[in-house]
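Read the structure below first, then the notes.
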Amino acid sequence: MSDVADISVLVVAYKSRATISACMQALEAQSRMPREVLVLENGSPAGEQIGPEDVPLGVQLIRQTENLGFAGGNNLLAKSASSRWLVFLNPDAFP
């Protein structure tokens with residue numbers, strides 16, 4: 001059995017600097033890792049944006065200057081995902 005699951009975890013983040021670290025740490029603690037994790041910085045105001053320093057190495061950070069909303073943000077991430085299965089995870093959820 002592989003330690004990597006055929007899953008892309010999609011996280012749409014808006015004003016999420018306070019919670020994104022705990023979310024990423026919880027993902028890293030899983031017994032099976034997803035193939036990829038994609039995080040969308042969804043147009044948060046200046047000073048509240050997530051940057052590369054807020055996500056672990058290997059996490060794909062996509063920046064959007066305009067807030068696309070939850071559905072629009074997930075649609076954008078889904079287009080970039082390469083796995084068979086998608087997991088939609090809020091940045092304040094800790095799996």
Side-chain angles (χ1 to χ4, degrees):
M1 179 163 75
S2 171
D3 290 327
V4 177
D6 191 15
I7 294 172
S8 296
V9 177
L10 312 180
V11 181
V12 175
Y14 181 77
K15 294 185 178 181
S16 301
R17 288 194 83 185
T19 59
I20 195 68
S21 177
C23 179
M24 295 293 108
Q25 288 174 3
L27 277 174
E28 288 181 318
Q30 298 300 298
S31 58
R32 291 194 65 196
M33 297 294 105
R35 173 180 292 160
E36 63 185 354
V37 177
L38 295 91
V39 175
L40 174 66
E41 167 44 59
N42 199 21
S44 298
E48 298 184 55
Q49 297 175 349
I50 293 171
E53 67 280 1
D54 299 308
V55 296
L57 286 176
V59 170
Q60 183 179 353
L61 177 64
I62 299 170
R63 293 175 170 231
Q64 178 66 35
T65 57
E66 179 182 326
N67 187 325
L68 300 176
F70 183 73
N74 276 309
N75 285 337
L76 177 71
L77 291 176
K79 290 178 186 176
S80 297
S82 64
S83 301
R84 179 176 180 194
W85 302 102
L86 303 178
V87 172
F88 302 95
L89 182 63
N90 286 342
D92 59 352
F94 313 119

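Computed from a predicted model, the values in this text were never measured in an experiment.
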For residues 64-71, which side-chain donor-acceptor pairs fall under 3.5 Å, sequence neighbours excluded?
{"from": "N67", "atom 1": "OD1", "to": "N42", "atom 2": "ND2", "distance (Å)": "3.1"}
{"from": "N67", "atom 1": "OD1", "to": "G69", "atom 2": "N", "distance (Å)": "2.6"}

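- Between the side chain of S16 and the backbone N or O of Y14, at least one donor-acceptor pair lies under 3.5 Å.
- Between the S44 side chain and the K15 main chain, a donor and an acceptor come within less than 3.5 Å of each other.
- Of all the heavy atoms in C23 and P91, the pair that sits closest is CB-O, 3.4 Å.
- By the side-chain hydrogen bond (donor to acceptor under 3.5 Å, both in side chains) test, R35 is found to be paired with D6, residues two or more places apart in sequence or in another chain being considered.
- In this structure, P56 and E28 approach most closely via the heavy-atom pair CB-OE2, 3.3 Å.
- To the nearest 0.5 Å, atoms CG (L77) and CG (L40) are separated by 5.0 Å.
- Through direct or indirect side-chain contacts shorter than 4.5 Å among Ile, Leu, Val, Met, Phe, Trp and Tyr, V9 is connected to I7, V11, I20, M24, L27, V37, V39, I50, V55, V59, L61, W85, V87, L89.
- The shortest non-hydrogen separation linking G73 to V12 is C-CG2, 3.6 Å.
- Sorted by first and then second residue, the pairs that involve residues 38-59 and meet salt bridge (Lys or Arg N to Asp or Glu O under 4.0 Å), not counting sequence neighbours, are R17-E53, R17-D54.
- S80 meets the side-chain contact (heavy atoms from CB on, under 4.5 Å) test with L38, I62; sequence neighbours excluded.
- Pairs of residues two or more places apart, or lying in two chains, never qualify as salt bridge (Lys or Arg N to Asp or Glu O under 4.0 Å) while including a residue from residues 75-95.
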